[in-house]
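Since the structure comes first, as structure tokens, the remarks are kept for the end.
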Amino acid sequence: MPKVGVLAMQGAFIEHIKMLKKCGVKAMEVRLPEELAKVQALILPGGESTSNRKLLKKSGLFKPLAERIEQGMPVFGTCAGAILLAKTVDSKPGFFKAIDISVKRNAYGRQIDSFEAELKVKGFVKPFHGVFIRAPIIEHIGKNVEVLAEFGEKAVLAKQNNVLVATFHPELTNDTRIHRLFLKIIEQTAIEGNALNKN
Ligand code: GLN
């Protein structure tokens, strides 16, 4: 069974750990390079992307994490985590540049800066309750990015290879379906990794 890490610098990491446990997988908080080395996949939680950026640099985790992402480790970013994984943020180069999307931070504006919406997610029979908190808007999507859910004609859940991003907070609901979707990506990566090793 894979061990899934949750980046625990700042933000909603405890909720992700709870969700992973609910899904029956081993989960651990990741703050240090030695901890990152023990996990097969990582969730980057919501919070404040600028603080997370600073803490990632300070802790020495940025470089090893960038390398693991480059090597294909599955990652799932929610809200601020999605911002950290984006190729472009507010028209400037992003941090990990792991998924070909351009995001605009805090883009829903003051009046509706936090809201909830029922989302139609590709492959799900019932809608998913999306909790948006000062969420970014995904303004541009590269051609290799698969859109899995939209709100107001903008992607809110998207995937490119082993990188999954949500601009909302699935960890703040009791619904584990999106976490299970990430677990499927991890499983698929493990199968294909083994297949590659055999050839
Ligand atoms: N507004 C935050 C940022 O720009 C993200 C908010 C969140 O993660 N809920 O980093």
Side-chain angles (χ1 to χ4, degrees), residues 4-20 27 29-31 41-59 61-62 65-66 69 74-119 121 127-141 145 147-152 154-160 163-179 181-182:
V4 182
V6 181
L7 185 67
M9 297 282 153
Q10 187 265 347
F13 55 88
I14 292 165
E15 290 80 357
H16 275 296
I17 296 266
K18 282 188 192 152
M19 282 305 247
L20 290 169
E29 293 175 9
V30 171
R31 290 185 185 84
L42 189 76
I43 294 182
L44 290 82
E48 199 53 49
S49 53
T50 39
S51 321
N52 267 305
R53 276 170 92 127
K54 282 185 199 140
L55 292 167
L56 275 163
K57 288 268 185 193
K58 218 173 144 188
S59 63
L61 203 56
F62 171 71
L65 179 50
I69 296 174
V75 281
F76 175 25
T78 54
C79 203
I83 296 170
L84 290 176
L85 293 173
K87 188 174 173 188
T88 311
V89 178
D90 292 342
S91 309
K92 295 190 196 89
F95 199 54
F96 289 114
K97 303 181 192 76
I99 180 164
D100 191 4
I101 58 171
S102 305
V103 300
K104 188 162 180 243
R105 294 179 60 205
N106 304 318
Y108 287 101
R110 273 167 191 256
Q111 296 210 332
I112 53 156
D113 70 1
S114 296
F115 60 96
E116 300 184 11
E118 297 308 312
L119 306 170
V121 177
F128 192 92
H129 190 70
V131 179
F132 294 80
I133 305 169
R134 300 184 64 228
I137 283 184
I138 300 179
E139 294 190 304
H140 173 79
I141 290 273
V145 178
V147 175
L148 301 174
E150 286 183 342
F151 175 75
K154 297 282 186 197
V156 292
L157 181 66
K159 174 184 176 298
Q160 182 175 9
V163 183
L164 180 68
V165 292
T167 60
F168 54 96
H169 289 265
E171 78 286 6
L172 299 183
T173 66
N174 287 320
D175 194 337
T176 55
R177 285 178 294 167
I178 292 181
H179 285 77
L181 195 74
F182 182 51

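What you see is a predicted model, and the numbers here were worked out from it, not measured in a lab. Numbering of ligands and ligand atoms starts at 1, following listing order.
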Hey, which atoms in ligand 1 end up nearer than 4.0 Å to a heavy atom of [X]?
| X | result |
| --- | --- |
| Cys79 | 5 (C), 6 (C), 7 (C), 8 (O), 9 (N) |
| Ser49 | 3 (C), 4 (O), 10 (O) |
| Gly46 | 8 (O) |
| Ile83 | 3 (C), 4 (O), 10 (O) |
| Asn106 | 1 (N), 2 (C), 4 (O) |

Mind checking what makes side-chain contact (heavy atoms from CB on, under 4.5 Å) contact with Glu116, not counting sequence neighbours?
-> His129, Val131
Centres of the Phe132 and Phe151 rings: under 6.0 Å?
-> yes
Do other residues, nucleotides or ligands put more than 12 heavy atoms under 6.0 Å from the NZ atom of Lys87?
->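 No, the 6.0 Å shell around NZ holds no more than 12 heavy atoms from other groups.
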Could you see which bit of Arg105 sits under 4.0 Å from ligand 1, with heavy atoms only: side chain, backbone, both or neither?
-> side chain
Could you check whether the rings of Tyr108 and Phe115 sit parallel, tilted or perpendicular, using 30° and 60° as the cut-offs?
-> perpendicular
Among Gly47, Ser51, Pro136, Pro45, which residue places a heavy atom closest to atom 2 (C) of ligand 1?
-> Gly47
Which pairs of donor and acceptor atoms, one on a side chain in residues 4-20, lie under 3.5 Å apart (sequence neighbours left out)?
| residue | atom | partner | partner atom | Å |
| --- | --- | --- | --- | --- |
| Gln10 | OE1 | Glu48 | N | 3.0 |
| Gln10 | OE1 | Asn52 | ND2 | 3.1 |
| His16 | ND1 | His179 | NE2 | 2.9 |
| His16 | NE2 | Thr78 | OG1 | 3.1 |

Which value, rounded to the nearest 0.5 Å, describes the distance between Leu55 atom CG and Thr50 atom OG1?
->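 Here the interatomic distance stands at 9.5 Å.
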